[in-house]
Amino acid sequence: MERLKAYAQAGADCLYAPGLQGREQIASVVAAVAPKPVNLLVGSAVGLTMREIAALGIRRVSVGGALARSAWSAFMRAARLIADEGRFDAFAEAASGRDLDSFFHAR
């Protein structure tokens with residue numbers, strides 16, 4: 001907390017405290033450095049929605065490598081199913097080319 005306050009006093013535009021977990025920790029950090037914005041790293045299932053995170057005062061959310069790890073996890077499940085059982089069932093969950101094109105063109 002002292003380091004975050006020092007960064008805020010030194011003029012940091014946005015503060016980042018890695019490893020925050022739970023509503024209480026998040027709210028404490030936000031209150032301690034207010035009115036400076038706080039960035040929350042969400043790298044796993046935290047049990048909070050974006051709306052709940054925003055209500056705690058978080059102004060920016062980063063996901064780090066979590067999206068890539070999620071994709072690699074699906075890749076590994078599909079590859080193991082092929083290697084171990086010779087089955088392609090995991091492809092039923094795959095996005096179609098049309099869905100991917102639509103998703104990326106809409107953004």
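Reckoned from all heavy atoms, side chains included, excluding hydrogens, waters and symmetry mates. We number each residue from 1, following the sequence as shown.
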Check: Taking side chain as C-beta onward, heavy atoms only, is E52 less than 4.5 Å from T49?
Finding: yes
Check: Going from CZ on F91 to CG on D89, what distance comes out if it is rounded to the nearest 0.5 angstrom?
Finding: 10.0 Å
Margin query: Pair L81, F88 - check side chain to side chain contact (heavy atoms under 4.5 Å, CB included), show working.
Written below: CA-CA 7 Å; L81 190 60; F88 301 93; over 6 Å; no
Check: Please, which pairs that meet ring pair (Phe, Tyr, Trp, His ring centres under 6.0 Å) have at least one residue in residues 18-42, sequence neighbours excluded?
Finding: none
Checklist line | Non-hydrogen atoms of L15 and A8 that approach each other most closely | finding: CD1-CB, 3.7 Å
Check: Would V42 and I53 count as a side chain to side chain contact (heavy atoms under 4.5 Å, CB included) if you check the C-alpha gap in whole Å, the side-chain angles of each, and the deciding distance to 0.1 Å?
Finding: CA-CA 10 Å; V42 179; I53 289 169; 4.1 Å; yes
Item checked: S102 versus D99, side-chain donor and acceptor atoms under 3.5 Å -> no
Margin query: Are N39 and I58 packed together at the side-chain level, in the sense that at least one heavy-atom pair is separated by less than 4.5 angstrom?
Written below: no
Which atom pairs, donor and acceptor, lie under 3.5 Å between side-chain atoms of residues 17-37 and protein residues at least two apart or in another chain?
from: Q25; atom 1: OE1; to: Q21; atom 2: N; distance (Å): 2.7
from: S28; atom 1: OG; to: E24; atom 2: O; distance (Å): 2.9
from: K36; atom 1: NZ; to: A12; atom 2: O; distance (Å): 2.8

Check: So do D13 and Y7 actually touch side chain to side chain, heavy atoms under 4.5 Å?
Finding: no
Show me, pair by pair, the donor-acceptor contacts under 3.5 angstrom made by side chains of residues 63-71, not counting sequence neighbours?
from: R69; atom 1: NH2; to: G43; atom 2: O; distance (Å): 2.5
from: S70; atom 1: OG; to: A66; atom 2: O; distance (Å): 3.0

Notebook entry, point to check: Which residues pass the side chain to side chain donor-acceptor pair (under 3.5 Å) test with R80, sequence neighbours left out?
Noted result: none
Check: Can you name the ring-ring contact (aromatic ring centres under 6.0 Å, His included) partners of F75, sequence neighbours left out?
Finding: W72
Check: Counting heavy atoms not belonging to M50, are there more than 12 under 6.0 Å from its CE?
Finding: no
Check: Does anything in residues 10-68 pair up under ring pair (Phe, Tyr, Trp, His ring centres under 6.0 Å), and if so which pairs, sequence neighbours excluded?
Finding: none
Check: How about L56 and L48: do any of their side-chain heavy atoms sit closer than 4.5 Å?
Finding: yes
Next item on the list: Might you confirm whether atom CD of E85 has over 12 heavy atoms from other residues, nucleotides or ligands at distances under 6.0 Å?
Entry: yes
